[in-house]
Amino acid sequence: MPHRYPETHVLYRNLTRQYPLVIKGEGCWLYDSEGRSYLDGCGGAFVACLGHGVSEVVEAMGEQVRRVGYVSGMAFTNEAVEALADELAALTAGDLQHFYFLSSGSDAIEAALKLARQYWVERGKASKQQIVAFAPAYHGNTLLALSLGAREHYKSYFQPWLLEVARIPAPYSYRCPCRGEAAECPRCSGTILEELLLKLGPENVAAFIGEPVGGSSTGAAVPRPDYWRRIREVCDRHEVLWIADEVLVGAGRTGTWSALEPYGVVPDIQVMGKGISGGYAPLAAVAAPRRLVDVLAGGASGLLHAQTYVHSPAMCAAGLAAIRYLRRHRLIARAQAMGTIFQERLQALSALPCVGEVRGRGLLAGIEFVEDKESRAPFLREQRFAERFTASAERAGLMVWPNTGHADGVNGDLVMLAPPFVITEAEIDEIVARFRAALEDVV
Ligand SMILES: Cc1ncc(COP(=O)(O)O)c(C=O)c1O
């Protein structure tokens with residue numbers, strides 16, 4: 001039976017395509033029921049960082065679930081959540097030492113924003129309610145998270161239900177008018193945040209949220225070395241909480257546990273997801289310091305964001321098993337070492353037609369497509385370049401992650417690569433070869 005709507009009972013993500021049925025995964029490879037294999041170049045949605053089919057992780061999860069699979073976080077704590085919080089506290093920088101676990105990145109983004117808002121209300125600063133975010137940006141699909149995003153095509157149907165969010169341009173040098181070349185460019189250096197805060201009145205702003213390294217919205221754009229230090233200073237100066245969204249770029253993806261690590265600064269709140277469980281179960285987390293959490297403890301006595309699966313043993317067991325596996329097999333160091341090779345080999349793609357820029361850090365890369373390399377003019381949306389490339393790559397047995405609209409909100413095509421940390425040099429070469437073949441096919 002073909003796996004397409006309405007021939008089965010699944011309400012598929014795309015109701016007009018036929019899906020291959022995946023029956024097995026191993027390392028960087030996926031296998032479908034027709035005997036086809038796929039090189040998982042993007043870990044699904046940037047999730048499968050340990051690789052597929054790791055029995056050590058499955059056994060550790062099974063061991064917890066056999067003892068107890070679920071208890072409510074209202075009534076009990078459990079061994080998995082305690083041990084997972086300890087592991088994360090050891091890995092996470094600065095004073096981010098307390099963790100709230102949820103089952104999706106969107107939930108965790110909402111919880112982080114509520115934490116920020118609740119903190120200001122408890123402190124008697126209720127006027128602090130505005131949020132500042134980047135454009136382009138993506139932070140999830142529940143309504144508050146969707147409000148933070150700057151993808152109009154995701155928002156248009158739901159506009160009446162969304163919040164107004166103030167914005168600064170993301171540090172995205174390839175698309176900046178200065179092309180990343182002006183030392184004092186307000187967008188590339190981060191000084192633009194202070195201009196906006198002064199305009200809004202800092203007494204009205206609760207939080208600023210951004211991805212430390214660009215995820216799918218800016219295709220792995222890496223901000224300048226002093227960008228986040230400046231943001232830290234501005235947020236401190238104006239008493240605005242800085243929330244780092246590490247859902248996509250954290251957990252070792254860019255070669256360090258946190259993508260902010262090379263910048264040497266710590267946010268007020270950090271959000272994690274995707275890779276922290278390697279995809280073995282849904283899991284996300286909000287990390288916060290005592291200086292914020294104590295205020296909640298002295299006020300409403302807890303974070304006002306209850307959900308059924310907060311701290312649930314089965315979910316936390318997956319994260320615990322994944323993080324212990326990551327540490328035992330030194331996979332972050334491996335992501336850094338293989339990341340250097342990965343970025344070098346991918347540079348060969350820059351010479352191909354329609355490739356505007358290849359960029360990234362560690363095992364996260366973005367390849368931006370353009371109609372004209374010199375002017376950086378994007379393809380018009382009608383051409384559906386990213387979608388056609390992605391379909392062509394899938395035919396070539398390579399899974400990539402497409403994104404559109406980043407050049408001007410409508411036009412712009414890029415694809416992302418984010419392979420599992422266990423990738424080998426030979427598999428990196430295979431990604432490059434299949435990418436090349438897929439592009440030749442489309443061009
Ligand atoms: C940067 C970022 N934040 C938040 C989210 C939302 O995570 P989830 O899809 O698990 O809800 C995503 C998802 O892609 C993301 O890329």
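Both ligands and their constituent atoms are indexed starting at 1 by order of listing. In this chain, residues are counted from 1 in sequence order.
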Using the rule side chain to side chain contact (heavy atoms under 4.5 Å, CB included), only one of Leu96, Val266, Asp268 pairs with Pro289; which is it?
Leu96
Can you sort out the partners of Arg224 under salt bridge (charged side-chain N to carboxylate O under 4.0 Å, His left out), two or more places apart, ordered by chain and number?
none
With the threshold set at 4.0 Å, does a side-chain nitrogen-carboxylate oxygen contact exist between Glu239 and Lys128?
no
Chain-and-number sorted residues having a heavy-atom contact under 4.0 Å with ligand 1 are Ser104, Gly105, Ser106, Tyr138, His139, Gly140, Glu211, Asp245, Val247, Leu248, Lys274
Taking the side chain as C-beta and beyond, is there a heavy-atom pair between Phe342 and Leu417 under 4.5 Å?
yes
State, without any angle test, whether Arg175 and Thr218 hold a side-chain donor-acceptor pair at a distance under 3.5 Å.
no
Using 30° and 60° as the class boundaries, would you call the ring planes of Phe389 and Phe369 parallel, tilted or perpendicular?
tilted
